[in-house]
Amino acid sequence: MNKAPTARLDKLLANLGYGSRREVQTLIEGGRVILDGEAETDPAQRVYVTADLATRMTVSGEPLDPAPGFILMLNKPLGVTCSQKDIGPLIYSLLPERWRRRDPAISTVGRLDKETSGLILMTDDGALLHRIIAPKSHVPKRYRVSLARPLEGSEDAALGAGTLMLEGEEKPLLPVAMETVSPTECFVTLNEGRYHQVRRMFAALGNHVAALHRDRVGGLDLPDELPPGAFHILDSAGIEAIFAAPRPA
């Protein structure tokens, strides 16, 4: 017995952003929705919303957009913002225009500031979003840091001690793992997500972050072949990688 959830075809397509309920009804009645090789012309037809639906259904000759409950990784370019409060193009402008009308809406899993590039996750699955950001999930995040001045050699110990205080705060940072790449470049792995944490902690150490790029969330790495502005929908293995331990370098 199929236990997958079902949805009215017209409501499903409207919630995926294909148009108003009336618009998608016209789309369906016009024979432009194909499921398993057959035209679906009844807007009230209930369909099983399964993980493979996007491979079985086409709309106007194009594969169906991802069904509700998906997550993607995006390589955020510099200058793009995750908040409408900030000046600059919103990260949602990098997605297909139709996706901005989806219900439930797509949200970023945490944020990267305007001047930080790299891996950011986006999902319409609220339970998965909260699972990723929950402190008890222990999902670390790694950043490549370029610094304005050479490292002094004591930063690794200072960050790893779990005693570093940020200006204006009363609780020290959790230990931060650091790997030196060059005199002015390093990787840091955070186990918490305080406001502008990387920039503020290097400021506390007397340095300045010149460039910041996130390349890993949990055990999920940003692929070298994914260019800035592009995104990739995660399969079950990709989702599992978020919660897996990072592979040794």
Side-chain angles (χ1 to χ4, degrees), residues 68-76 80-86 90-92 104-145 155-180 186-205 207 209 212-223 231-249:
F70 81 107
I71 184 168
L72 60 86
M73 74 158 85
L74 185 146
N75 187 354
K76 189 187 91 64
V80 172
T81 176
C82 295
S83 172
Q84 293 182 341
K85 297 179 181 179
D86 298 326
L90 272 172
I91 193 169
Y92 302 100
I106 300 171
S107 300
T108 60
V109 182
R111 294 178 179 177
L112 291 178
D113 67 51
K114 185 176 179 179
E115 301 307 322
T116 300
S117 61
L119 196 166
I120 189 163
L121 301 172
M122 304 180 73
T123 184
D124 64 350
D125 187 333
L128 179 58
L129 186 154
H130 289 293
R131 181 186 170 202
I132 296 170
I133 65 175
K136 65 180 181 181
S137 294
H138 304 293
V139 176
K141 300 171 183 66
R142 191 176 81 161
Y143 296 80
R144 185 176 72 233
V145 188
E155 292 86 355
D156 190 356
L159 294 175
T163 58
L164 185 66
M165 297 289 295
L166 298 181
E167 184 177 357
E169 298 196 10
E170 299 178 353
K171 183 179 180 181
L173 294 176
L174 293 176
V176 174
M178 176 179 161
E179 175 190 351
T180 300
C186 64
F187 287 104
V188 294
T189 300
L190 310 185
N191 290 291
E192 58 185 333
R194 303 198 197 183
Y195 179 72
H196 287 177
Q197 180 174 339
V198 177
R199 300 180 191 279
R200 294 169 67 206
M201 70 189 191
F202 277 102
L205 295 174
N207 212 324
V209 173
L212 191 59
H213 177 82
R214 184 160 73 188
D215 72 340
R216 180 181 293 165
V217 173
L220 181 69
D221 290 314
L222 183 66
F231 63 87
H232 170 70
I233 297 171
L234 298 182
D235 57 16
S236 58
I239 295 172
E240 290 174 6
I242 298 171
F243 302 98
R247 296 188 301 274

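Only heavy atoms go into these numbers, but all of them, side chains included; no hydrogens, no water, no symmetry mates. Quantities reported herein were computed from a predicted structural model and do not represent experimental measurements.
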Could you tell me if the side chain of [Y] sits less than 4.5 Å from the side chain of [X], heavy atoms only?
X    : Y    : result
L234 : L121 : yes
K114 : D86  : no
T123 : I132 : no
M165 : P172 : yes
E192 : L173 : yes
R194 : K171 : yes

Quick check: closest heavy atoms across [X] and [Y], and the distance to 0.1 Å?
X    : Y    : result
E115 : R199 : O-NH2, 3.1 Å
L119 : L220 : CD1-O, 3.6 Å
I106 : Y92  : O-CE2, 3.2 Å

Would you find a donor on one side and an acceptor on the other, under 3.5 Å apart, between the side chain of S137 and the backbone of V139?
->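 Such a contact is absent between S137 side chain and V139 backbone.
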When rounded to the nearest 0.5 angstrom, what distance separates CZ in R111 from OG1 in T81?
->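 That separation rounds to 7.5 Å.
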Are R216 and F187 in a cation-pi contact, defined as NZ or CZ under 6.0 Å from the six-membered ring centre and within 45° of the axis?
->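 Judged by the rule, R216 and F187 form no cation-pi pair.
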